[in-house]
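Beneath this line is the structure, given in structure tokens, with notes to follow.
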Amino acid sequence: MTPRIDLHVESDRRIKPRHCVTEHVKRITVPYAYLTPTLTLLAVLMAAPILMVVWYSFQSGAITDKNPHFVGLDNYFDILTDPKFHTALANTAWFVATSVVAHMIIGLAFAMLLNASCLSAVTKTFFRTLFVLPWLLTVAIIAILWRLILNPNGVANALLSGLGLVEPHKEWLADPHLALAAIIFINIWAGYPFFMISILAGLQGIPADLYEAAEVDGAGPLRRFWSITLPQLKPIIISMALLDTIWTSQQFALIWMTTGGGPLNKTEMLSTYTYKLAFAEYAFSSASTSAAIILVLSMVLAFFYVQSQRTKD
């Protein structure tokens, strides 16, 4: 007797491998299809301009000349040996280091104050609103506000000269010896709330049992701070410090609207130095070179930030 062959089973066996391949291809391609609009925008708005700037940095007379020519690393040599670039780099390093350290210390102090159990809920709410106000203002408002306060006829001079601490009509933003310290102070005032809010959230996440156990063991407030508070806040502090370093190193609007990089280049930063090369001297090749150097420095900072996040995870 001839065995009966089920044609449907044989057909399913032949179709199944093709069906599996199709499903596998879909699983791979569908996520990329969803990401295509975002990737396209990133390529058009970020990747393409960055590549253009890097290409301009290897040319002479980019944009301004009809026939720019390739010069290799000559632009990088000129920028790295430019005394103004050294001044801008030193000012930026001092501006960033001082601001980040001050943000961390002031933010930690205010966060611990707002987390204190001895304060009532109403008092905490009032001071939280008061301390976070600088973070709610835009850079333009902050710059205008402090230019009015530090004006020779402003509030700061009226109070300090009345106390005999400074001479009347002091030029805070126009004095070569005080301008950098003044914009550092303004940046600290504007940026500490970000640290304060983040650290306050971290403090509220520390279990109270740790402090109770340490207090039972006889640990004082200072010992509890060094042994419990700081270790628990360490991941947050490191992440915030790296982020703040990246953001502060790219600060432009505040400096441009207060001192413009002056007087006598005393507040010149890498951002204002690059801007002046491009839009004051129209040296777009040199400006592109400076921008490429800043990009490399930012990428180094971003690498350390990503590494810190991986370590925390």
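Put simply, the side chain of Thr36 gets close to the backbone of Tyr32: a donor and an acceptor are under 3.5 Å apart. Between the side chain of Thr272 and the main chain of Glu268, no donor-acceptor pair closer than 3.5 Å is present. No donor-acceptor pair under 3.5 Å is formed between the side chain of Lys266 and the backbone N or O of Leu178. Asn75 places no side-chain N or O within 3.5 Å of a backbone atom of Ser60 that could act as its donor or acceptor partner. A donor-acceptor pair under 3.5 Å is absent between the side-chain atoms of Thr98 and the main chain of Phe95, judged by distance alone. Ser271 places a side-chain N or O within donor-acceptor distance of the main-chain N or O of Gln251, the cut-off being under 3.5 Å. For the pair Thr248 (side chain) and Thr245 (backbone), a donor-acceptor distance under 3.5 Å is absent. Between the side chain of Arg223 and the backbone N or O of Gly218, no donor-acceptor pair lies under 3.5 Å. With Asn91 contributing its side chain and Asn265 its backbone, the two residues share a donor-acceptor pair below 3.5 Å. At least one donor-acceptor pair closer than 3.5 Å links the side chain of Lys124 to the backbone N or O of Ala116.
Aromatic ring pairs are classed by plane angle as parallel below 30°, tilted from 30° to 60° and perpendicular above 60°; the pair Phe110 and Tyr192 is perpendicular. Ring planes of His103 and Phe195: tilted class, angle from 30 to 60°. Classification of the Phe284-Phe279 ring pair by plane angle, with boundaries at 30° and 60°, yields perpendicular. Between Trp146 and Trp189, the ring-plane angle classifies as perpendicular under the 30° and 60° cut-offs.
Put simply, the side chain of Val53 does not reach to within 4.5 Å of the side chain of Leu295, judged on heavy atoms. Residues Ile183 and Asn187 fail the side-chain proximity criterion, which asks for heavy atoms closer than 4.5 Å. Side-chain contact between Phe127 and Leu113: absent, with no pair of heavy atoms (C-beta onward) separated by less than 4.5 Å. Using a 4.5 Å heavy-atom cutoff, the side chains of Glu212 and Val216 are not in contact. Between Met257 and Ile144, every side-chain heavy-atom pair lies at or beyond the 4.5 Å cut-off. Counting only heavy atoms from C-beta outward, the side chains of Asp244 and Met104 never approach each other to under 4.5 Å. Between Leu159 and Leu165, every side-chain heavy-atom pair lies at or beyond the 4.5 Å cut-off. Side chains of Ile206 and Tyr211 form a contact here, defined as non-hydrogen atoms less than 4.5 Å apart.
Minimum interatomic distance between Ile142 and Pro134 (heavy atoms only, all atoms of both residues): CD1-O, 3.8 Å. Of all heavy-atom pairs spanning Ile228 and Ala214, the tightest one is CD1-CB, 3.6 Å. Considering all non-hydrogen atoms of both residues, Val100 and Ala241 come closest at CG1-O, 4.0 Å. The minimum heavy-atom distance linking Phe85 with Ile293 is given by the pair CZ-CG2, 4.0 Å. For the residue pair Val132 and Pro193, the shortest heavy atom distance occurs at CA-CB, 4.1 Å. Of all the heavy atoms in Tyr76 and Ser57, the pair that sits closest is OH-OG, 2.8 Å.
From Leu180, atom CG reaches atom CG of Leu173 across 11.5 Å, with rounding to the nearest 0.5 Å. Here OG1 of Thr259 is found 7.0 Å from CE of Met269. Values are rounded to the nearest 0.5 Å. Taken from CD in Glu281 to OG1 in Thr64, the straight-line distance is 12.5 Å, to the nearest 0.5 Å. The distance from atom OG of Ser288 to atom CD1 of Ile50, rounded to the nearest 0.5 Å, is 12.5 Å. Note: Asn157 CG to His169 NE2 = 8.0 Å, rounded to the nearest 0.5 Å. To the nearest 0.5 angstrom, Leu243 atom CG is 6.0 Å from Phe194 atom CZ.
In the displayed structure, Phe225 atom CZ is contacted under 6.0 Å by more than 12 heavy atoms of other residues, nucleotides or ligands. Residue Arg128 places its CZ atom among more than 12 non-hydrogen atoms of other residues, nucleotides or ligands, all under 6.0 Å distant.
No continuous path of ILVMFWY side-chain contacts below 4.5 Å connects Trp247 to Ile294, so the two sit in separate hydrophobic clusters. The hydrophobic clustering, which links ILVMFWY residues whose side-chain heavy atoms are closer than 4.5 Å, places Met196 and Met112 together. At a threshold of 4.5 Å between side-chain heavy atoms, the hydrophobic network of Ile, Leu, Val, Met, Phe, Trp and Tyr places Val101 and Ile106 in two separate groups. Linking Ile, Leu, Val, Met, Phe, Trp and Tyr whenever their side-chain heavy atoms come within less than 4.5 Å puts Ile186 and Ile255 in one cluster. Linking ILVMFWY residues whenever their side-chain heavy atoms come closer than 4.5 Å, directly or via other members, leaves Ile105 and Ile238 in distinct clusters.
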Legend entry - Test side chain to side chain contact (heavy atoms under 4.5 Å, CB included) applied to Leu150 and Phe185, step by step: CA-CA 11 Å; Leu150 298 178; Phe185 177 82; over 6 Å; no
Inset, instruction - Go through Leu233 and Leu108 one step at a time and tell me if the side chain to side chain contact (heavy atoms under 4.5 Å, CB included) criterion holds. - result: CA-CA 10 Å; Leu233 294 177; Leu108 177 61; 3.9 Å; yes
Inset, instruction - Report the C-alpha distance between Leu297 and Leu270 in whole Å, list the side-chain angles of each, state the deciding distance to 0.1 Å, and finish with yes or no for side chain to side chain contact (heavy atoms under 4.5 Å, CB included). - result: CA-CA 11 Å; Leu297 297 176; Leu270 291 176; 4.3 Å; yes
Legend entry - side chain to side chain contact (heavy atoms under 4.5 Å, CB included) evaluation trace for Leu277 with Ile79: CA-CA 11 Å; Leu277 284 176; Ile79 291 295; 4.0 Å; yes
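Considering Thr92, Thr87, Asp82 in turn, Asp82 is the only one that fulfils the side-chain hydrogen bond (donor to acceptor under 3.5 Å, both in side chains) rule with Tyr273.
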